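Here the structure is a predicted model, which is why all the values come from computation and not from measurement. So you know, we letter chains A, B, ... as the sequences are listed, proteins then strands, and number each from 1.
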Amino acid sequence: MQTTGEIARTYRPNEVESRWYDWWDHHGYFAPRGTGEPFVIIMPPPNVTGELHMGHALFVAVEDILVRWRRMQGRPTLWLPGADHAGIGGQWVVERELLEEGVTRQDLGRERFLKRMWTFMDQYRGRIREQLRILGASCDWSRFTFTMDPGPARAVRTAFRQLYDKGLIYRGKRLINWCPRCRTVLSDLEVDHEEEQSSLWTIRYPIEGTDRFIEVATTRPETMLGDTAVAVHPDDERYRDLVGRSATLPIIGRTLPILADPAVDPEFGTGAVKVTPAHDPNDFEIGQRHGLPAVNVMNLDGTMNENAAEFEGRTISEARKGVVARLEREGYLVRTEPHTLSVGRCDRCGTVVEPMISEQWFVRMAPLNAPALRAVQEGRVRFIPERFRSAYVSWVEHEHDWCISRQLWWGHRIPVWYCDECGEATVSVEQSVERCERCGGTSLHQDPDVLDTWFSAALWPFSTLGWPDETEDLERYYPSSVMETGYDILFLWVHRMIFSGLEFMGQAPFPDVYLHGQVRDAQGQRMSKSKGNGIDPTIVTAEYGSDALRLALVTAGPVGSDLKLSVQRVESMRNFANKIWNATRYVLRATAGVEIELADDGSIAPPGEDGSSLADRWILSRLSATTSEVTGMLERYQLNEAGRRLYEFVWSEYCDWYLEATKVALGGTNETARRSTQQTLVYVLDRILRLLHPFMPFVTEELWHHLPHRGDALIVAPWPEPGERDERAEREFELLIEVVRSVRNARAEHDVPPARLIPATIAAGTAADALLGQADVISRLARIEPGSLEIQSEVTSPPEDALSLVVASDVQVYLPLAGMVDPEEQRRRLEADLAAARSEAERARGLLSNEQFTRRAPEHVVERERARLAVAEERARLLEDRLSAL
RNA sequence: GGGCGAAUAGCUCAGUUGGUUAGAGCGCACGGUUCACAUCCGUGAGGUCCGGGGUUCGAGUCCCUGUUCGCCCA
């Protein structure tokens, strides 16, 4: 794309950003290029149905920075995008649509419903690209994959078959979490537990053959209809004589054995509990141990079933009220007291989850977890930040088997066919099965359920690359370089990818796991639709630009912790973009019509030594420092620090000092010096744009095209290598900065109008030569009258009535501001400075006179203290002189 | 109940293997029509490094303990 001519006075992000994305894409820059070790990120696939939110903006910012940086380093770089079908969530969106039309999915039937799902999905598919385009995600669209595509679908069936054959997938009747609203089973991880205020009801059951009762405490009285035992702790003296006897269940009249089991907490309630194996995980286990029957009293829609006597057909909460009322009426309710308990809710819809017994498919985790734990413990999989490792290990060590079937229609159908003749299950990687594997019968029906969305997500690092086929992509790009995702799905997704990669590919799917936190509002509140405190990325990027949003997000806080985002921060990053924009305008104007030398690789050549000024040498050295620091920070995944470092370099060093200093050479008569400055200006700006490109791809690409260059695009321009440091230049220029600052400070303190130029005399000791060469720069920056600036190594007779500034031990500035300076005021200042210098000297002296310190501290620390002492003493001496001269 | 994290300027965060005078950005105050930029420039104020104890010549940093907030797991 050609960009020519004068550029606008202020940066307008939306005009610039809209131009580049498709241009990059059409030129093929998003596809891996070249040879060498690839850099690969498999993108966490956004839900097809989802709107763009800040979570997406954050992951795009982070991944795109890594990807663009590595691409510029010359690695063949693949960032593979995709979309997730989002099981329950996806189905729910379409069901809601149907609801408005007054139809249920059951009315439509499975086939027509799925057709409708696909129509919907096809509509939404394009939106992911559109959203990622806004954010500048440089991912390879030719490899875009949807979890329901034929490839990943076959991967799912293949994985299922392999695990089934190894006995790692089984079907079993177990206690599971049931969401009555979604009408499906959920895995343990999809249930959110929250403390809620409720009651503890104490009920008494008559003991058979006596006129005594046993009191049990429960948080869920309605489940008593399904009680099949009463249990106490084996060591509980209070109930020892009752163990072995029986109680009668009120309302129902069932006989309940009273048994002893160590799982009962004698401290809770009365120490005796009712046992409802069909509706409580602990009771289920007690039931297993004692061979108790499980009586299910609920329907799948959250109403009571035929085992609930008169409460059949009522909702659970109606049943609870009814049961309590009847118990009370009949004298079985002993008391009701307030109680806090943990309630499980469906993480999708918030409905209270019911534990129920149901036949489902499970993955046997222990054999799969062992290799995953080893990989993490041996460091083959690293977490960034590291602290997530211990959370991962302790969670995985205690993981239960994973329930993978879901009672939904939208998703990967379980690849199991049951024979109508012999009942045998046939598991197939094919889409359909004609013949029973055992009896050859041809009348089969497929399991009606689908698989947990995370089952297909677990295979994502290799199903996207063609597995189970041995494709070139799989060979070349597996394992990927880093998995970047939110810490909230560490167990739900990351863990499952790790064990799946190890199981199916024999190798962990990534060596590094970079975990980002959640984006919160300026007050640290979670952004949510209902609170209305969310910041919409579409709106923010339209106003401030995606570059600004990206930089605001990535510099907002360290990796792995939640970050606070305010529009104000985005705005200040937009201002930063404007700063670079205007710096470029300045450079372009300063170098108009000048031939800029290019290096062999087509980039701007570094300026030669000839005619280079102190400022030139200083900024080049600072550029080297910045380049190596930023590269190091990126290598350590410290993106936030890298971003901030660049911000500071550009604004505080390049713009505030270097650009200002160049105005002298550019306006001067020395042709060589001017050429050197022009070359340096462009050279450093070019490096800045390169370093900044991963963070702010749009504005940097735009500006780069205005600079002289021979490459095609900044997105594929080489990443800068740090040059030499010039410590002498840094020291000297920093002294210059100190001199200028102290003059400015004095001017401000004494209300010297900015427009007024003043004379100055500088005594600069050993730095006199260096400063002498910078007289023009100093006078310009400090607003000193050029003809009246004197720089000497020593000033024997300072100007009369001069204000005296002590910059360093041997550097003083005299500002002859006769008439402007109140002598009392100056005395006060000097005295304050003197007091500071004396106390500093005192501190250093005290330290150095401590023999423990001089003996035990390292030599360089002691040396530094000696130097500080000398400086402070010299400074104090100078200040005393000035004071007495006053 | 177990675990993790955080606590440093008004706000958001840096602060290397401990090195003695704790930094940045934003915000704030004051001053500015300096020919890149008011989306800007200059100057400045602002800190018991959460409390207590310990180790050390030396602690924001290491150890113990407590407080507050947040998160994860059961």
Side-chain angles (χ1 to χ4, degrees), chain A residues 7-13 188-189 192-193 265 281 342 385 387-395 397-399 487-488 490-491 517-518 520 522-524 526 544-545 548 552 555-558 560-566 568-569 571-590 636 638 640-641 643-645 647-648 651-652 655-656 659-660 662-663 667 681 740-755 757 780-783 836 839-840 843-844 846-858 860-862 864-865 868 872:
Chain A
I7 60 178
R9 191 182 159 83
T10 35
Y11 173 53
R12 307 229 172 276
D188 295 344
L189 282 171
D192 291 334
H193 295 273
D265 175 10
S342 167
R387 74 183 125 89
F388 285 103
R389 195 177 87 136
S390 57
Y392 177 87
V393 168
S394 60
W395 188 82
E397 278 172 345
H398 297 108
E399 188 184 8
Y487 66 71
D488 51 325
L490 177 59
F491 308 139
Q518 289 171 2
R520 294 163 177 272
Q523 280 71 45
R526 191 172 293 200
Y544 299 104
T555 58
S561 44
D562 293 349
L563 43 92
K564 296 175 192 171
L565 181 76
S566 61
Q568 193 194 33
R569 271 183 47 77
E571 187 183 351
S572 68
M573 292 306 160
R574 187 274 317 260
N575 296 350
F576 177 59
N578 185 62
K579 189 74 183 172
I580 307 160
W581 182 268
N582 273 288
T584 306
R585 288 184 66 215
Y586 172 79
V587 171
L588 289 176
R589 193 177 295 188
R636 294 190 297 275
Q638 295 174 336
N640 61 324
E641 284 304 304
R644 288 176 206 219
R645 186 73 191 79
Y647 181 102
E648 217 178 298
W651 205 310
S652 309
C655 291
D656 285 350
L659 289 196
E660 293 307 321
T662 61
K663 289 173 182 174
L681 272 170
V740 170
R741 282 210 170 118
S742 42
V743 174
R744 282 172 174 173
N745 168 274
R747 293 178 57 114
E749 297 270 308
H750 294 95
D751 291 325
V752 180
L757 302 186
R780 175 168 187 112
L781 298 181
R783 306 201 58 74
S839 102
E840 164 67 3
R843 186 198 58 78
L847 204 51
L848 286 163
S849 66
N850 182 344
E851 202 186 315
Q852 293 282 3
F853 174 73
T854 48
R855 210 176 61 230
R856 309 178 82 146
H860 73 273
V861 173
V862 178
R864 192 174 55 202
E865 286 308 321
R868 280 176 176 169

Out of B:rA36, B:rG31, B:rC73, which nucleotide sits closest to the side chain of A:Trp395?
->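 Output: B:rC73.
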Of B:rA36, B:rG25, B:rG32, the nucleotide closest to the side chain of A:Ser652 is B:rG25
Between protein and nucleotides 40-47 of chain B, what N or O pairs are separated by less than 3.5 Å?
from: B:rC40; atom 1: OP1; to: A:Asn575; atom 2: ND2; distance (Å): 3.4
from: B:rC40; atom 1: O3'; to: A:Lys579; atom 2: NZ; distance (Å): 3.1
from: B:rC41; atom 1: OP1; to: A:Lys579; atom 2: NZ; distance (Å): 2.7
from: B:rC41; atom 1: OP1; to: A:Trp651; atom 2: NE1; distance (Å): 2.6
from: B:rG42; atom 1: O3'; to: A:Arg744; atom 2: NH1; distance (Å): 3.4
from: B:rU43; atom 1: O3'; to: A:Asn745; atom 2: ND2; distance (Å): 3.2
from: B:rG44; atom 1: OP1; to: A:Asn745; atom 2: ND2; distance (Å): 2.8

Pairs counted as Watson-Crick or G-U wobble with both distances under 3.5 Å: what dot-bracket string results for RNA chain B, using | for bases tied to another strand?
-> (((((((..((((.....[...)))).(((((.......))))).....(((((..]....)))))))))))).
Could you list the residues that satisfy ring-ring contact (aromatic ring centres under 6.0 Å, His included) with A:Trp395, not counting sequence neighbours?
->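 Partners of A:Trp395 under the ring-ring contact (aromatic ring centres under 6.0 Å, His included) test: A:Phe491, A:His495.
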Between [atom2] of [N] and [atom1] of [X], the distance in whole Å:
X	N	atom1	atom2	value
A:Arg9	B:rC35	CZ	C1'	10 Å
A:Phe491	B:rC4	CZ	C1'	10 Å
A:Leu757	B:rG32	CG	P	17 Å
A:Arg780	B:rA36	CZ	C1'	12 Å
A:Met573	B:rG27	CE	C1'	14 Å

How close do A:Leu659 and A:Ala583 get, heavy atom to heavy atom, and via which atoms?
->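 Answer, listing the atom of A:Leu659 first, then A:Ala583: CD1-CB, 3.9 Å.
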For A:Leu563 against A:Ala556, the heavy-atom pair lying closest together = CB-CB, 3.9 Å
Could you work out, with side-chain hydrogen bond (donor to acceptor under 3.5 Å, both in side chains) as the rule, every residue matching [X], not counting sequence neighbours?
X	answer
A:Thr584	none
A:Glu865	A:Arg843, A:Arg868
A:Lys663	A:Glu660
A:Tyr487	A:Asp562

Partner residues of [X] under the side chain to side chain contact (heavy atoms under 4.5 Å, CB included) criterion, sequence neighbours left out:
X	result
A:Ala552	A:Leu565, A:Arg569, A:Val570, A:Met573
A:Asn850	A:Gln852, A:Phe853
A:His193	A:Val191, A:Ser342
A:Pro754	none

Sugar-phosphate only, base, or nothing, as touched by [X] at under 4.0 Å among non-hydrogen atoms:
X	answer
A:Gln568	sugar-phosphate
A:Leu490	nothing
A:Arg12	base

Could you work out the separation of [N] and [M] based on their [atom1] atoms and round it to a whole Å?
N	M	atom1	answer
B:rA14	B:rU68	C1'	23 Å
B:rG15	B:rA24	P	15 Å
B:rG66	B:rC4	P	14 Å
B:rG5	B:rU65	P	15 Å
B:rG53	B:rC13	C1'	29 Å
B:rC30	B:rC62	P	41 Å
B:rG60	B:rG51	C1'	15 Å
B:rU8	B:rG18	P	22 Å

Base, backbone or nothing for each nucleotide of nucleotides 5-23 of chain B, written B, S, -, heavy atoms under 4.0 angstrom, 5' to 3'?
-> S------SSS----BBB--
Can you tell me if the side-chain N/O atoms of A:Tyr647 get under 4.0 Å from OP1 or OP2 in B:rC26?
->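 Looking at the OP1 and OP2 atoms of B:rC26, one of them is under 4.0 Å from a side-chain N or O of A:Tyr647.
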Non-hydrogen side-chain atoms of A:Arg9 and A:Arg585 separated by less than 4.5 Å = yes
Minimum side-chain heavy-atom gap A:Leu490-A:Phe388 below 4.5 Å |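 Heavy-atom side-chain distance check passes, below 4.5 Å.
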For A:Leu659 and A:Ser390, take the nucleotide of RNA chain B holding the closest heavy atom to each; which residue's nucleotide lies nearer the 5' end?
->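 That would be A:Ser390.
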